[in-house]
Amino acid sequence: MGKIELNHITKTYEKDVTAVKDFNLEIEDGEFIVLVGPSGCGKSTMLRMIAGLEEITDGEFKMDGRLMNDIPPKNRDIAMVFQNYALYPHMSVYDNMAFALKMRKFKKEEIRRRVTEAAKVLGLEEYLKRKPRALSGGQRQRVALGRAIVRDAKLFLMDEPLSNLDAKLRFQMRAEISKLHHRLKTTTVYVTHDQTEAMTMATRIVIMKDGVIQQVGSPKEVYDFPANQFVGGFIGSPAMNFFEGLIEDGAFVTHDGIRLALPSTKAQELKSAGYTEGTRMTMGIRPENVTLQPPGFSGESLMPIESEVIVSELTGAETLLYSKLGDQDLIARIDSGLDLRTGDKVTLAYDMELAHFFDSASGERLRLGEDAGISI
Amino acid sequence: MTGRKRFNYKTKEGLQGYIFILPWIIGFIVFTAGPLLFSFAASFTNYNITSQMDFIGLKNYEKLFADDQLFWTSLYNTLYYVAFSVPITTVGAILLSALLNRDIPGMRFFRTIYYLPAVLSGVGVYLLWMQLLEPGTGLVNTVLAWFGIAGPNWLFDPAWAKPALIFMKLWSVGGGMLLYLASMQGISKSLYEAAEIDGANAWQQFIRITIPMITPVIFFDIVTSLIGGFQIFQEAYVMSNGEGGPVNSLLFYNLYMWKKAFEAFDMGYAMAMSWILFIIVFVLTIINLKLAPRWVHYEGGGK
Ligand SMILES: Nc1ncnc2c1ncn2[C@@H]1O[C@H](COP(=O)(O)OP(=O)(O)OP(=O)(O)O)[C@@H](O)[C@H]1O
Ligand SMILES: [Mg+2]
């Protein structure tokens with residue numbers, strides 16, 4: 001059990017700083033929700049309101065139908081992992097994990113059983129007697145997780161738990177947390193500003209900006225059908241390419257006059273959706289949808305454009321190609337087969353079928369054809 | 001190796017360091033180490049400030065232990081004072097700083113108020129307290145009388161003179177309070193948040209987190225106030241007019257030593273006394289240091 005309802009949650013700090021605005025979300029039992037967004041968008045504030053560390057200014061927070069707004073943190077049956085771990089420095093690893101159980105007056109044997117069990121799961125058995133300062137960052141992180149899992153709480157909250165680790169450890173702990181979630185199936189709300197963490201761990205992603213939810217959806221949904229230009233640019237690495245321009249004569253024409261012909265179905269859809277000639281809009285296309293034109297190959301949706309390589313970055317299996325479309329920056333993600341140098345001329349094919357179009361004024365993505373029915 | 005090489009960077013730096021602290025070294029030798037050695041040597045003599053200075057062996061020490069009732073009285077008074085004032089002021093300072101460690105508007109005002117007595121120390125304060133503790137007209141007994149309590153004769157009652165002094169000390173816990181407050185404010189807020197989620201109430205948070213985290217300061221405070229406590233002199237001297245109070249109840253070790261030195265001019269005897277006090281304080285401090293690892297938690301330390 002652990003169904004969470006967040007209805008119209010708003011948080012206003014003194015001096016009229018509104019950190020979270022009208023946040024609505026229902027979380028099913030066992031979900032792994034990732035709150036993601038740029039720094040200062042209100043993720044931690046939201047999490048801390050759920051934990052009870054911060055008062056909810058307005059709105060309702062319910063767990064299994066029970067209103068939680070005024071329940072003190074210790075009675076919420078919630079466990080939390082902090083960004084800086086917040087391990088008790090004067091207690092051994094064992095005591096750190098046992099603390100919550102001691103406070104809840106568990107029997108000694110039960111505490112020992114649970115702590116030993118958690119230590120086994122997390123590979124901490126050898127370190128139980130050590131103080132936190134004698135542990136590596138990754139081990140501390142595990143203790144912080146252990147402290148949460150011994151509780152057997154209804155809901156786990158994690159605030160950027162991996163941000164203090166180096167890249168390799170982060171990768172490893174990411175997998176461990178996912179594994180742990182598969183095993184325990186505890187409903188989890190996880191905060192990060194790293195979109196890769198969000199994409200790899202979440203059952204659903206909540207993307208926030210300036211305290212407002214931009215989109216809620218599975219990783220695939222938010223990747224394939226971003227609700228707006230912000231989500232399109234935030235999710236995915238490297239970020240989606242955006243080009244300013246307008247629709248003209250069945251094609252997207254950049255503001256400096258480069259024509260990208262649209263597949264006829266797409267043009268038709270735009271037209272029937274009411275976006276007629278001359279409407280200003282922003283085209284978004286992901287780096288992997290801009291490829292090197294294979295010689296002699298062309299399809300209706302592939303739009304070839306001559307470009308000059310500005311920088312070519314080999315990242316391993318693939319190469320990131322920095323170039324320009326007219327005067328607007330472009331990144332293409334291509335296979336590492338060719339050895340490209342700065343100044344080389346290449347033909348890049350834009351897969352217009354997979355291009356997105358955003359209203360230039362509002363930033364909203366235009367819902368066309370196949371995904372018009374999909375809700376966000 | 002060449003001659004130049006021997007005088008390497010490290011040695012040179014060390015030498016420069018010593019040159020910089022030379023004034024202090026000279027001061028230490030002349031004003032501290034010198035008198036120290038002199039007093040040690042003189043404690044085996046009958047030195048009396050005049051030219052008389054004959055070696056008399058352990059006579060001074062024998063007399064102290066064997067037939068000087070006042071020596072034992074003064075030692076008892078001092079131990080009594082230390083045994084009560086150190087724990088009481090330590091606990092008082094910790095509790096006070098815990099109270100003042102809140103984010104409430106106007107808290108700075110209270111912090112200043114409570115710190116003020118620590119600034120206002122000295123003879124004036126003792127005279128002020130003598131007036132406050134005046135049995136008939138003093139403010140303390142007047143207030144007690146409002147509640148129907150007949151206050152004791154304080155400084156004039158052998159049973160109440162020492163408690164009165166300890167009471168006065170408690171008034172100036174502000175100095176210790178400041179140390180504790182600074183240390184408490186250094187404790188990460190997220191520890192308390194974690195503890196709150198873990199189910200600890202305010203009292204449990206204080207006992208399980210605040211106290212262990214400030215143990216280095218508690219240790220420092222106990223060591224220094226223990227040493228300071230054994231040296232109590234001014235208060236007793238001023239408040240008993242240099243007499244040692246009713247039935248010698250305020251005759252503390254250092255006061256008695258002072259009387260021996262500057263009233264009886266029995267310098268050799270007083271110096272023997274000072275060495276005994278030194279040994280007592282030294283042993284207690286060693287014990288403190290030995291016990292420390294068992295209860296003092298150092299955040300950054302390697303041990
Ligand atoms: N105690 C506070 N008082 C006033 N404003 C606050 C307080 N805490 C946070 N804020 C503001 O609320 C907004 C959201 O802060 P929050 O910490 O939730 O951001 P975040 O999304 O967690 O960012 P980050 O990724 O940097 O951790 C910020 O503009 C911040 O300045
Ligand atoms: Mg945050």
Side-chain angles (χ1 to χ4, degrees), chain A residues 14 44 47-54 71-92 95-106 111 130-134 140 143-151 153-161 164, chain B residues 90 94 97-98 101-108 179-180 182-222 288-289 291-303:
Chain A
E14 64 260 51
S44 298
L47 204 69
R48 292 166 58 81
M49 282 193 283
I50 298 176
L53 298 172
E54 213 70 72
I71 310 278
K74 62 175 179 167
N75 297 336
R76 290 191 179 194
D77 203 4
I78 284 171
M80 182 157 171
V81 177
F82 291 80
Q83 175 170 3
N84 62 0
Y85 318 140
L87 299 180
Y88 309 120
H90 53 288
M91 295 183 199
S92 67
D95 289 334
N96 261 285
M97 293 207 260
F99 188 73
L101 302 177
K102 275 185 200 159
M103 292 300 107
R104 288 178 161 73
K105 307 240 166 6
F106 276 68
I111 295 178
R130 286 208 203 163
K131 296 273 172 66
R133 67 161 175 268
R140 286 179 204 182
V143 179
L145 284 174
R147 211 164 58 168
I149 65 178
V150 294
R151 289 265 312 277
K154 262 189 212 159
L155 177 63
F156 280 172
L157 303 177
M158 306 193 190
D159 193 353
E160 310 207 21
N164 286 351
Chain B
T90 305
I94 293 172
S97 49
N101 186 25
R102 310 246 162 140
D103 279 329
I104 297 172
M107 200 41 106
R108 293 171 64 124
L179 282 180
Y180 288 116
S183 148
M184 283 179 191
Q185 290 186 336
I187 303 174
S188 161
K189 243 186 114 183
S190 61
L191 287 186
Y192 293 105
E193 292 178 345
E196 201 175 337
I197 290 176
D198 276 349
N201 60 31
W203 175 248
Q204 287 166 326
Q205 287 176 30
F206 178 69
I207 292 297
R208 304 278 197 145
I209 293 175
T210 310
I211 294 291
M213 296 299 284
I214 61 169
T215 45
V217 179
I218 298 180
F219 174 67
F220 170 80
D221 190 30
I222 286 181
N288 253 327
L289 287 170
L291 289 179
R294 297 194 187 177
W295 64 278
V296 180
H297 161 75
Y298 285 105
E299 181 113 21
K303 271 195 265 178

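In what follows, every chain begins at residue 1, and chains take the letters A, B, ... in the order their sequences are listed.
- Checking B/Tyr180 against B/Asp221 by side-chain atom types alone, a donor-acceptor pair falls below 3.5 Å.
- In terms of non-hydrogen atom pairs under 4.5 Å with chain B, the most contact-rich of A/Met91, A/Met103, A/Lys74 is A/Met103.
- The side-chain heavy atoms of B/His297 and A/Pro89, taken from C-beta on, include a pair separated by under 4.5 Å.
- The part of A/Leu87 that comes within reach of chain B is its backbone (N, CA, C, O), which places non-hydrogen atoms under 4.5 angstrom from that chain.
- Interface remark: A/Tyr88 contributes backbone and side-chain atoms alike to the contact with chain B (heavy atom separation under 4.5 Å).
- You'll find the side chain of B/Ile104 reaches within 4.5 Å of the side chain of B/Met107, heavy atoms only.
- Side-chain atoms of A/His90 never come within 3.5 Å of backbone atoms of A/Lys131 as a donor-acceptor pair (strictly under, hydrogens ignored).
- Of the listed residues A/Ala79, A/Pro73, A/Ala148, the one with more heavy-atom pairs under 4.5 angstrom with chain B than any other is A/Pro73.
- Heavy atoms of A/Arg76 lying under 4.5 Å from chain B are absent altogether.
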Check the pair B/Ile94 / B/Met184 against side chain to side chain contact (heavy atoms under 4.5 Å, CB included), numbers first and verdict last.
CA-CA 10 Å; B/Ile94 293 172; B/Met184 283 179 191; 4.2 Å; yes

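- Inter-residue side-chain proximity for A/Val143 and A/Pro132 is flagged as unmet; no heavy-atom pair is nearer than 4.5 Å.
- The candidate with the highest count of non-hydrogen atom pairs below 4.5 Å against chain A, out of B/Gln204, B/Arg208, B/Lys189, is B/Arg208.
- Contacts with chain A (heavy atom to heavy atom, under 4.5 Å) involve these residues of residues 209-220 of chain B, listed by number: B/Ile209, B/Pro212, B/Met213.
- Proximity of A/Val150 to A/Phe106: side-chain heavy atoms (C-beta onward) are nowhere separated by under 4.5 Å.
- Remark: A/Arg104 does not engage B/Asp198 in a salt bridge, criterion side-chain N to carboxylate O under 4.0 Å.
- The part of A/Ile78 that comes within reach of chain B is its backbone (N, CA, C, O), which places non-hydrogen atoms under 4.5 angstrom from that chain.
- Contact of the B/Gln205 side chain with the B/Leu191 side chain is not registered, since no non-hydrogen atoms from C-beta on lie closer than 4.5 Å.
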